Number of protein chains: 4
Amino acid sequence: MKPAATEAAGGTTSKKDRTRRRILDAAAKVLARLGIEQATLTDIAAAADLKAGSLYFHFASKEELLAEVLNVGIAESWAHLTRAVEACAGSSSGAQLRAAIGAHVEARHELTDYAAVVIGAAHTHPRLGDDLYQRHYRRYTARWLELIVAAQTDGALPSGTDPRLLRDLCFGAMNVAPRGRWSSTQTSSALVSLLHLSSEESS
Amino acid sequence: MKPAATEAAGGTTSKKDRTRRRILDAAAKVLARLGIEQATLTDIAAAADLKAGSLYFHFASKEELLAEVLNVGIAESWAHLTRAVEACAGSSSGAQLRAAIGAHVEARHELTDYAAVVIGAAHTHPRLGDDLYQRHYRRYTARWLELIVAAQTDGALPSGTDPRLLRDLCFGAMNVAPRGRWSSTQTSSALVSLLHLSSEESS
Amino acid sequence: MKPAATEAAGGTTSKKDRTRRRILDAAAKVLARLGIEQATLTDIAAAADLKAGSLYFHFASKEELLAEVLNVGIAESWAHLTRAVEACAGSSSGAQLRAAIGAHVEARHELTDYAAVVIGAAHTHPRLGDDLYQRHYRRYTARWLELIVAAQTDGALPSGTDPRLLRDLCFGAMNVAPRGRWSSTQTSSALVSLLHLSSEESS
Amino acid sequence: MKPAATEAAGGTTSKKDRTRRRILDAAAKVLARLGIEQATLTDIAAAADLKAGSLYFHFASKEELLAEVLNVGIAESWAHLTRAVEACAGSSSGAQLRAAIGAHVEARHELTDYAAVVIGAAHTHPRLGDDLYQRHYRRYTARWLELIVAAQTDGALPSGTDPRLLRDLCFGAMNVAPRGRWSSTQTSSALVSLLHLSSEESS
DNA sequence: CATGAATGAGTGTTCATTCAT
DNA sequence: CATGAATGAACACTCATTCAT
């Protein structure tokens, strides 16, 4: 009566899994739009065509639901980032940084709402999510730091300043608030030219 | 018994005005620390040595109180910005932009809590405050736009991109979240060098 | 495919009956441990290796399930009581009362969880259970009353007081709360000596 | 503007104090009738002619409100007990125990609802109330233990059994459930005669 | 003017109950 | 038969808001 694989290769997903995903999607959407403390479970449930109490069949608490959204978001962002950077593995550090900028901005603007929640929440609420998320978030920012340091070493970025500060400035610029006002390509190429990373620094 | 002047020319400030100011100061402090939706009226009242109900003698609602804080904040930021820019009126557009960056970052970090509330709120909550605030906020961003356009014209900033987008990117970078992590001078000089505005581009 | 006998004479018990019994056992255990209003249907279902919804195939409501548990409990207690008392049918009324005390305490402490639920619930929630239970519970207390009256007549208990009050006092003492703190033999023999029933009152 | 003493000798009680007391009285009444986990804040508030949220102006949580009720109850019970026992200071240990029984039963039946809550809760929920209550409750039971041991030493109670068990049995008997069924004098004198404490056991 | 005291709408959460599968 | 999945009413609790004093 019950299909053998619940999540196996064949692509079979139980109804519970699908509803769970629907809730997560709804949560990501609402959280991205209203912000973490402004979004109520009633909002999220309504966006998933449910009543608030029903969420507890799938998640133990608002906190856990949020953590799950953040985990999906950071995983997506990480995958997007590493894919883009590895795609230009042999290139200059400037080119890699360009790729990273494109990936980050794209994650926020066009990927899913999950990444948007991460970015909207990360800097404002430092102690958010569960341990797994914290680890993954640190990994993400650490990777960025490496890229920045490499760019500084190569002279693509000014070397006189703390790379962590540079990273924070970049994040600030990339996370510029109203999604939808600027497209991701507009945003990232503008930032690239603003930082004078636009192309190979000719001799 | 002598409530004659409420705000008269001579500099006389009634007791009511003084309390009003005390509340505004307290509100700015609390709002800057806790964020707009996290700060409760009880918090604000306590910081002003009052009880929550008393606030309603001076302000019609939390929203109005917030609007007033924002108005003070944007006025301060505006004054700070124009003063700094006018101080180097004859200089290059790059120098003026440097001054603007310094002023904005300083306003957020060291000026008062009012400016911090504006900056913390402005980009995240677009439709905040009353009409007056909205007008003043637009004036502030419009002034920034002029500075950016001038810098583009002079070649201090890349001219291929929408100046409003450049402005938003700058705002994002300058408003990078945790106050106190980086000093205002660290932040502004790092941004200046990141944008290659550091000094007059000698011929 | 063979649902023939539901409760037939031959001792055949259908699967439904067996599951029903399993639920009742689980309910008795959980109710005895957590108390009536603290125990949730999810708790009970889990103890019966079921999900909460499944209980409704066997019982119309939590109330009905509770009533059934109480009915089993009072039946057991009654059987235990009458058996013990009849075992010393010819003896003195004091000896019979001693037997009753032993039976009651033993029912609560060592018999099954059903009796424990009855005793834990009976005095605190007077209007519990269905009519059948109420009738059986009254029969149980009525039997106790007879034993007390007999003991009063024989001088084994003080005769100046309302026997129903004496019965309630005995119940209170026997149902002294934390199961497990005192063993049933400790409890009953202590009560017996406290009431000066310890042995045959010599001439 | 504000009277010097808030609770001092003069008998001045602020309105807040009076409402607080009204809530405590209502809570005691409702808790005594419905039991601790069955009584809702809405019930209690309604009994005090308030809405549930208003209780939080006077008490930080349901737990704190309950703790306060318990503290009043145990204080009353203690005062009642010591007063009664000291009134027959020179008498026999049996007489003192009789006084204690009378006081305890009276506290539950006729004093206030506070004592009833304590008694209804104490044995069923061991870890209730705050630290102060726990201390006072232990003092109460310890005093009872002394009385029992003294009675055992004097031969007024059987000496072969653990005095703590005897105390628990006495408590169980005295706390016999439905308040109002028996008067306090009926109850205590019945228990006294049941334990053969009725008068001085003449030689 | 300010407070004390109260309210009501809304929050996250629990749980008995229902019903299609 | 049993479960999966959902619901709605209730819970303790918070907070902006009101108003008599």
Side-chain angles (χ1 to χ4, degrees), chain A residues 1-2 14-20 23 37-45 48-65, chain B residues 3 14-16 19-20 23 37-45 48-63 65, chain C residues 3 14-16 19-20 23 37-45 48-63 65, chain D residues 1-2 14-20 23 37-45 48-65:
Chain A
M1 289 291 172
K2 193 190 292 182
S14 68
K15 183 184 176 189
K16 173 157 193 174
D17 284 349
R18 265 179 284 124
T19 306
R20 205 186 139 85
I23 294 173
E37 16 247 356
Q38 219 52 16
T40 80
L41 287 190
T42 305
D43 292 336
I44 294 173
D49 249 311
L50 287 174
K51 307 294 175 182
S54 309
L55 301 182
Y56 285 83
F57 185 72
H58 301 271
F59 300 93
S61 65
K62 186 187 184 184
E63 206 180 332
E64 191 190 295
L65 172 54
Chain B
S14 68
K15 183 182 174 193
K16 173 157 185 175
T19 306
R20 209 185 136 82
I23 294 173
E37 15 251 356
Q38 224 53 16
T40 79
L41 286 190
T42 304
D43 292 335
I44 293 172
D49 254 313
L50 287 174
K51 307 295 174 179
S54 311
L55 302 182
Y56 284 82
F57 186 80
H58 301 272
F59 301 93
S61 67
K62 187 186 184 184
E63 206 180 332
L65 172 55
Chain C
S14 67
K15 182 182 176 194
K16 174 159 185 173
T19 306
R20 209 184 136 84
I23 294 172
E37 16 251 356
Q38 224 54 16
T40 79
L41 286 190
T42 304
D43 291 336
I44 294 172
D49 255 313
L50 287 174
K51 307 295 175 180
S54 311
L55 302 182
Y56 284 82
F57 186 79
H58 301 272
F59 302 92
S61 66
K62 187 186 184 183
E63 205 179 332
L65 171 54
Chain D
M1 290 295 169
K2 193 191 288 179
S14 68
K15 184 186 176 188
K16 174 156 192 174
D17 284 349
R18 265 177 285 127
T19 305
R20 205 186 139 86
I23 294 173
E37 17 245 355
Q38 220 53 16
T40 80
L41 288 189
T42 305
D43 292 335
I44 294 173
D49 249 312
L50 287 174
K51 308 294 175 181
S54 310
L55 301 182
Y56 287 83
F57 185 71
H58 302 272
F59 300 93
S61 66
K62 186 186 184 183
E63 205 179 334
E64 190 190 295
L65 172 54

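Letters A, B, ... are given to chains in the order of the sequence lines, protein chains preceding strands, and every chain is numbered from 1. These numbers were taken from a predicted model, which means no experiment stands behind them.
The shortest heavy-atom contact between C:K62 and C:Y56 is N-OH, 4.5 Å.
Per the geometry, CG belonging to D:D17 stands 12 Å off P belonging to E:dG4, to the nearest Å. Distance A:F59 CZ to F:dA5 C1': 14 Å, rounded to the nearest Å. One interatomic measurement links the two molecules: CZ of D:F57 to P of E:dT3, which rounds to 12 Å at whole-angstrom precision. Whole-Å rounding puts the D:H58 NE2 to F:dC13 P distance at 16 Å. We find that NZ of A:K16 is positioned 6 Å from P of F:dA5, with the value rounded to whole Å. For the pair A:I44 CD1 and E:dT11 C1', the interatomic distance rounds to 12 Å; values are reported in whole Å.
Taking the side chain of C:K51 as heavy atoms from C-beta on, and the options F:dT3, E:dA6, F:dA2, the nearest nucleotide is F:dT3. Side chain of D:L50, nearest nucleotide from E:dT3, E:dT7, F:dA2: E:dT7.
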What side-chain donor-acceptor pairs closer than 3.5 Å can you find for residues 38-45 of chain D, not counting sequence neighbours?
{"residue": "D:Q38", "atom": "NE2", "partner": "C:E37", "partner atom": "OE1", "Å": "3.4"}
{"residue": "D:T40", "atom": "OG1", "partner": "D:T42", "partner atom": "N", "Å": "3.2"}
{"residue": "D:T40", "atom": "OG1", "partner": "D:D43", "partner atom": "N", "Å": "3.0"}
{"residue": "D:T40", "atom": "OG1", "partner": "D:D43", "partner atom": "OD2", "Å": "3.3"}
{"residue": "D:D43", "atom": "OD2", "partner": "D:T40", "partner atom": "N", "Å": "3.2"}

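When base pairs are accepted only as Watson-Crick or G-U wobble with both N-N or N-O distances under 3.5 Å, DNA chain F takes part in stems of 3 or more pairs at E:2-21 with F:2-21.
At E:dA6, one or more side-chain N or O atoms of D:T19 fall inside 4.0 Å of OP1 or OP2 (strictly under the cut-off).
Applying the 6.0 Å contact sphere to NZ of D:K16 captures more than 12 heavy atoms from other residues, nucleotides or ligands. The 12-atom threshold is not exceeded at CD of C:E63, counting heavy atoms of other residues, nucleotides or ligands nearer than 6.0 Å.
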* To do: For each nucleotide in nucleotides 13-21 of chain E, reading 5' to 3', give B when a protein heavy atom comes within less than 4.0 Å of its base, S when such contact involves only the sugar-phosphate, and - otherwise.
  => BBSSBB---
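In this view, B:T19 and B:K15, B:R22, B:I23, B:L50, B:H58 satisfy the side chain to side chain contact (heavy atoms under 4.5 Å, CB included) rule, not counting sequence neighbours.
D:L55 comes within 4.0 angstrom of no nucleic acid atom, judged by non-hydrogen atoms across all strands.
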